[in-house]
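Structure record follows, encoded as structure tokens.
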Amino acid sequence: CTISSSTVTGVTAGNCIIAGNQAGNASYSAAPQATQSFSIGRANQVIVFGTAPTVAVGGSGTVSATGGASGNPVTFASTTAGVCTISGSTVTGVTAGTCIISANQAGNANYNAAPQVTQTFSIGLGNQTITFGTAPTIAVGGTGTVSATGGASGNAIVFTSTTTSVCTISGMTVTGVSAGTCTI
């Protein structure tokens, strides 16, 4: 501890001893030194999260937080592992829903462990794309097969014709109706 005038400042946790002295004058002797002893406790720490990331299923984002003065790192964990996972500070979306990330910081000889805090944000829907295979060659009255691969939802790709006067489709089989450009 340090003292300035009558204000004591804690420097580290431990036992602080303050000495009091009083000089004498022409009528009085100097007072014998007196001491007062008291404990300086550990200081508290606080964790403050940064802005929540925007994350979709299959995507990732970064969480950030500032902690107290112990010098120990702020560590993160997912309390909703079925919705999101975290490695270091990188959050990955597992399923659409509410993601909750907890933050902790250990204490040391001078600082208490920070109380755990959480950050809650949504994991959005992931994006999918459809990629067609090679287009078939079809004559009027003839048929051909289309194929395509889709995204990670696992749902089947459903084909429709947007030019039914030129071609129709049933399942993956395209039938030529008239000459022209067929759009599936």
Side-chain angles (χ1 to χ4, degrees), residues 43-108 111-184:
N44 292 324
Q45 300 185 100
V46 175
I47 299 171
V48 178
F49 269 103
T51 303
T54 301
V55 180
V57 173
S60 63
T62 303
V63 293
S64 64
T66 57
S70 70
N72 291 318
V74 174
T75 58
F76 303 105
S78 172
T79 64
T80 52
V83 176
C84 61
T85 59
I86 189 161
S87 177
S89 61
T90 303
V91 177
T92 301
V94 177
T95 60
T98 301
C99 175
I100 303 171
I101 300 297
S102 65
N104 296 282
Q105 183 182 30
N108 62 17
Y111 293 91
N112 293 315
Q116 184 181 78
V117 295
T118 59
Q119 185 174 54
T120 302
F121 52 92
S122 294
I123 301 296
L125 296 174
N127 293 322
Q128 301 186 96
T129 57
I130 297 172
T131 304
F132 274 97
T134 303
T137 302
I138 302 170
V140 173
T143 62
T145 303
V146 292
S147 65
T149 58
S153 71
N155 293 323
I157 297 171
V158 178
F159 300 103
T160 58
S161 172
T162 61
T163 54
T164 54
S165 62
V166 176
C167 62
T168 59
I169 189 163
S170 176
M172 295 176 14
T173 303
V174 179
T175 302
V177 174
S178 66
T181 301
C182 174
T183 304
I184 302 296

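Numbers for residues simply follow the sequence, beginning at 1.
Side chain of Q119 to backbone of S64: no donor-acceptor contact under 3.5 angstrom is found. S70 places a side-chain N or O within 3.5 Å of a backbone atom of A106 that can act as its donor or acceptor partner.
Residue I169 holds its CD1 atom at 11.0 Å from OG1 of T143, rounded to the nearest 0.5 Å. Taken from OG1 in T80 to CD1 in I100, the straight-line distance is 5.5 Å, to the nearest 0.5 Å. In this structure, OG1 on T162 lies 7.0 Å from CD1 on I184, to the nearest 0.5 angstrom. Note that the CG atom of N108 and the CD atom of Q45 stand 7.0 Å from one another [nearest 0.5 Å].
Within the 4.5 Å cutoff, the side chain of V63 has heavy atoms near those of the F121 side chain. Looking at heavy atoms from C-beta onward, V83 lies in side-chain contact with T95 at the 4.5 angstrom threshold. Here the side chains of T85 and V94 are in contact, with some heavy-atom distance below 4.5 Å. Between C182 and V166 the shortest side-chain heavy-atom distance falls below 4.5 Å. Two residues are said to be in side-chain contact when any heavy atoms from C-beta on lie closer than 4.5 Å; V55 and C99 fail this criterion. Side chains of M172 and P136 form no contact here, defined as non-hydrogen atoms less than 4.5 Å apart. Side-chain atoms of T62 and S89, non-hydrogen and from C-beta on, do get closer than 4.5 Å to each other.
For the pair I101 and F49, the tightest heavy-atom approach, listed with the atom from each and the gap, is O-CZ, 3.7 Å. Counting all heavy atoms, side chain and backbone alike, G71 lies closest to Q105 at N-NE2, 4.5 Å. Of all the heavy atoms in C84 and V91, the pair that sits closest is CB-CG1, 3.9 Å. The minimum heavy-atom distance linking T163 with T183 is given by the pair OG1-N, 2.9 Å. Heavy atoms only, all atoms of each residue included: V74 and T66 are closest at CG2-C, 4.2 Å. Nearest heavy atom pair, residue I47 against residue A65, reads CG2-CB, 3.8 Å.
At most 12 heavy atoms of other shown residues, nucleotides or ligands fall within 6.0 angstrom of atom CG in L125.
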